[in-house]
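See below for the structure under consideration.
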Amino acid sequence: MHSIAYNFVQRLAPALGRLSSLGWGGRAILVSVLGLALSGCVSMSLDDLGEPSTQLSSKLLGEMSKKGMQPSSPVLVRIFKQESELEIWKQDKTGRYALLKVYPMCRWSGKLGPKTKNGDRQAPEGFYHVSAGMLNPKSQYYLSFNLGYPNRLESALGYTGEALMVHGACSSSGCYALTDQGVGEIYAIVEKALAGDQERFQVQAYPFRMTAEKMALHRDNPSFPFWTTLKEGYDYFELTKRQPKVSTCGRRYVFNQEFEGGEPRDPLAACPVSMAQVDPQLQARLQLESQKLVDLLEKYPSSAVTAYLDGGMHPSFRELLKKEGADKLAAKISTINYPISRPDAALADPYVAER
């Protein structure tokens, strides 16, 4: 399937090159065309989903071995709303994190932006840490783990809500639903890591893959200032493949800092004096990425406007929903046949122009 997508893009290359030379508008079209080309190659049948399991398959264990990972190796999770994907990363022999697997997300609710209050249907965005006690093997959604929303910063800011999960089925009112099959494998991976030396694993939940280009497309979103903070943690991980150390002060996340007197106690107070010794080469790379965004914002002042419907669904599941219908899909991906939440909104796909 990937080779088909590659050959298709190769045939389109001359035309895409001309579009790219047209500036911001051409690039927006290019992003859309590439997304359609790739999503058109994403296809599955109900049989491809298989049966849910809480055991690591021999195929996945083989993939870990090939990448220099152990089942007990530390794990890190990244979630992307707009792309409707969840990534599992594990430490390899180098001590850095490497991508193990990308899981298509069946459903999330709300819109792009952080969760701030109970009942807003928002799936959270931010940095969270999950310990063994936050795993729920008896979830009504097959299996789940609690993200720990509101975290320390969110609680200080007065945000409300509870029981925000990554779980099975395909229904969401603020959670991330990965189907019983998907969450079964994810649960097995994180459970093995927590049974090893890892006391808790980090979850990074983002509105989208936080490239400078995508950030610029959303410059007029009210959440943009918050997203620029998230991007600092995103960029650090992208460049180093190491887990960022997350602190909270000055009403925001602060990354990879050591402070006089230890960790800040009040997330709303000004940050204490930092004692961190920054790697000059890494700092230069981070500043280069920041400058990319500054340059795009100065050069292309207009921003994309996306109609809000309700959350999102990965294109592979959207195709199944179109083909099989909500009832048949729900019966396959949930052991208790839990209904698909708001299937009409899931079919609409408000983000297709940005893929």
Side-chain angles (χ1 to χ4, degrees), residues 69 71-81 86-91 95-100 103 105 108 114-116 122-137 139 143-157 159-167 174-176 178 183 186-207 210 226-227 229-238 240-259 262-268 271 276:
M69 306 166 179
S72 60
S73 300
V75 67
L76 181 146
V77 174
R78 298 203 304 177
I79 297 172
F80 300 97
K81 282 182 176 178
L86 181 148
E87 295 178 345
I88 296 289
W89 295 71
K90 285 181 72 68
Q91 276 188 3
R96 297 176 186 268
Y97 282 90
L99 182 62
L100 174 61
Y103 293 85
M105 196 181 307
W108 60 272
K115 182 177 184 66
T116 61
Q122 282 290 96
E125 296 171 8
F127 287 78
Y128 305 92
H129 295 86
V130 178
S131 60
M134 298 163 74
L135 305 186
N136 183 6
S139 171
L143 297 167
S144 65
F145 60 83
N146 195 321
L147 289 172
Y149 173 94
N151 62 24
R152 192 163 175 265
L153 174 61
E154 292 160 339
S155 293
L157 291 171
Y159 295 175
T160 58
E162 60 182 0
L164 277 301
M165 306 279 186
V166 171
H167 61 58
C175 296
Y176 293 107
L178 274 293
V183 81
I186 293 166
Y187 191 98
I189 294 170
V190 301
E191 187 178 42
K192 290 289 187 184
L194 291 174
D197 295 331
Q198 190 174 22
E199 294 183 3
R200 58 181 192 163
F201 64 89
Q202 187 176 92
V203 178
Q204 305 172 6
Y206 298 110
M210 306 198 78
F226 170 66
W227 291 341
T229 300
L230 295 188
K231 182 168 167 54
E232 294 175 17
Y234 174 89
D235 288 343
Y236 175 83
F237 183 77
E238 284 288 300
T240 67
K241 298 301 184 288
R242 297 188 183 279
Q243 176 176 304
K245 174 182 175 292
V246 183
S247 304
T248 56
C249 56
R251 306 179 68 88
R252 58 170 300 206
Y253 296 111
V254 179
F255 302 98
N256 307 308
Q257 298 291 314
E258 300 292 338
F259 300 96
E263 280 297 292
R265 294 181 176 85
D266 184 357
L268 305 184
C271 293

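We use all heavy atoms of the structure for the numbers below, so side chains are in, but hydrogens, waters and symmetry mates are not. What you are looking at is a predicted structure, and each value in this text was computed from that prediction instead of being measured.
- For Phe237, the ring-ring contact (aromatic ring centres under 6.0 Å, His included) partners at least two apart in sequence or on another chain are Trp89.
- Applying the side chain to side chain contact (heavy atoms under 4.5 Å, CB included) criterion to Ala195, with sequence neighbours excluded, gives no partner residue.
- Partners of Glu258 under the side chain to side chain contact (heavy atoms under 4.5 Å, CB included) rule, at least two apart in sequence or in another chain, are Lys245.
- No donor-acceptor pair under 3.5 Å is formed between the side chain of Gln257 and the backbone N or O of Cys271.
- Taking the side-chain hydrogen bond (donor to acceptor under 3.5 Å, both in side chains) definition, one finds that Lys241 meets it with nothing, sequence neighbours left out.
- Scored by the side chain to side chain contact (heavy atoms under 4.5 Å, CB included) test, Thr160 finds Lys117, Asn118 as partners (sequence neighbours excluded).
- Partners of Lys192 by salt bridge (charged side-chain N to carboxylate O under 4.0 Å, His left out), not counting sequence neighbours: none found.
- Not counting sequence neighbours, the partners of Glu232 by the side-chain hydrogen bond (donor to acceptor under 3.5 Å, both in side chains) test are Arg252.
- Sorted by first then second residue, the side-chain hydrogen bond (donor to acceptor under 3.5 Å, both in side chains) pairs that include residues 146-157, not counting sequence neighbours, are Tyr128-Glu154, Asn151-Tyr253, Arg152-Thr248.
- Checking Tyr187, Tyr176, Phe201 one by one against Phe145, the ring-ring contact (aromatic ring centres under 6.0 Å, His included) holds for a single residue, Phe201.
- Scanning for side chain to side chain contact (heavy atoms under 4.5 Å, CB included) contacts around Gln91 gives Pro74, Tyr97, with sequence neighbours left out.
- With sequence neighbours excluded, no residue satisfies side-chain hydrogen bond (donor to acceptor under 3.5 Å, both in side chains) with Lys90.
- With sequence neighbours excluded, the residues that form a side-chain hydrogen bond (donor to acceptor under 3.5 Å, both in side chains) with Tyr103 are Glu185.
- Here Glu191 pairs with nothing under the salt bridge (charged side-chain N to carboxylate O under 4.0 Å, His left out) rule; sequence neighbours left out.
- Remark: the backbone N or O of Met69 is not paired with any side-chain donor or acceptor of Ser73 at under 3.5 angstrom.
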